[in-house]
Amino acid sequence: MDKQQLSHNIAQLLSRVRRSAEKSQFSNSDILVVAVSKTRPASHIRWAHESGLSHFGENYLQEALSKIDELKDLPLCWHFIGPIQSNKTISIAAHFDWVHSVDRDKIARRLSDQRSPHKSPLQVCLQVNVSGEHSKSGVTLAALPDLAKTVLALPGLTLRGLMAIPAAGSDEKQQRQDFAAMRAALSELQALAPGLDTLSMGMSADLEAAIAEGATLVRVGTALFGPRNR
Ligand SMILES: *Cc1c(COP(=O)(O)O)cnc(C)c1O
């Protein structure tokens, strides 16, 4: 990967997003692209920023912290998108702007307690286990309203919406069903909290299906930075 290749990939991705948005009946003219930079060196993030991206998503805390520090001269917005263990919340609360993977009360309460009152609130999406797989993290659709109520009441957190990672290998019809279920779940929660505005769904392989069903934020790694080794 060199800077020119990355800049080309970014242009291609943005036009993919724009074309899908134009076709979607749930038209969102400004879909936020979060570049998933896990496993990528800080130098590639710097290139991506020079080519116009400023939102980056990371899954692995230690790796992320060193890149956040290395790039602190840039005005970047950092999104934590990986599974969260309790002992990680203090660093997540200190160094990230968004967290997409809140899926239980305990994690939400810790992030709330640990977010400095001098910082703007942490922007939170609840991760939903929309495909109902046993192995995946995420709150069930049944338990979602209670978790949302908890988060809405916590200081230091602003609930923005929902995130999902549908089962790997599902076909397009199944993907569309899962993404549509997410849209329905968000619109139910909007009865409690009209300000909820974010559906974080869609990755390199399924962003067309996600945008067709109303994604407002896509998390894209491979299509920008190339294949990952892990
Ligand atoms: C790795 C990852 C992505 C990006 O996946 P690609 O297929 O590389 O686009 C998006 N979301 C989450 C939660 C991830 O872990």
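Atoms within each ligand, like the ligands themselves, are counted from 1 in listed order.
- Of the residues Trp98, Tyr60, Phe96, the one that meets the ring pair (Phe, Tyr, Trp, His ring centres under 6.0 Å) test with Phe80 is Phe96.
- Closer than 4.0 angstrom to ligand 1 lie heavy atoms from Val36, Lys38, Asn59, Ile81, Ile165, Met203, Ser204, Arg219, Val220, Gly221, Thr222, Arg228.
- By the side chain to side chain contact (heavy atoms under 4.5 Å, CB included) test, Thr222 pairs with Ser204, Arg228, sequence neighbours left out.
- Annotation: salt bridge (Lys or Arg N to Asp or Glu O under 4.0 Å) contacts involving residues 1-16, sequence neighbours excluded, comprise Lys3-Glu50, Arg16-Glu208.
- Between Met182 and Ala164 the shortest heavy-atom distance is CE-CB, 3.4 Å.
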What's the verdict on salt bridge (charged side-chain N to carboxylate O under 4.0 Å, His left out) for Glu58 and Lys38, showing C-alpha distance, side-chain angles and the deciding distance? CA-CA 5 Å; Glu58 292 281 343; Lys38 62 185 176 206; over 6 Å; no
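- Gln190 is linked by a side-chain hydrogen bond (donor to acceptor under 3.5 Å, both in side chains) to nothing, counting only residues two or more places apart in sequence or in another chain.
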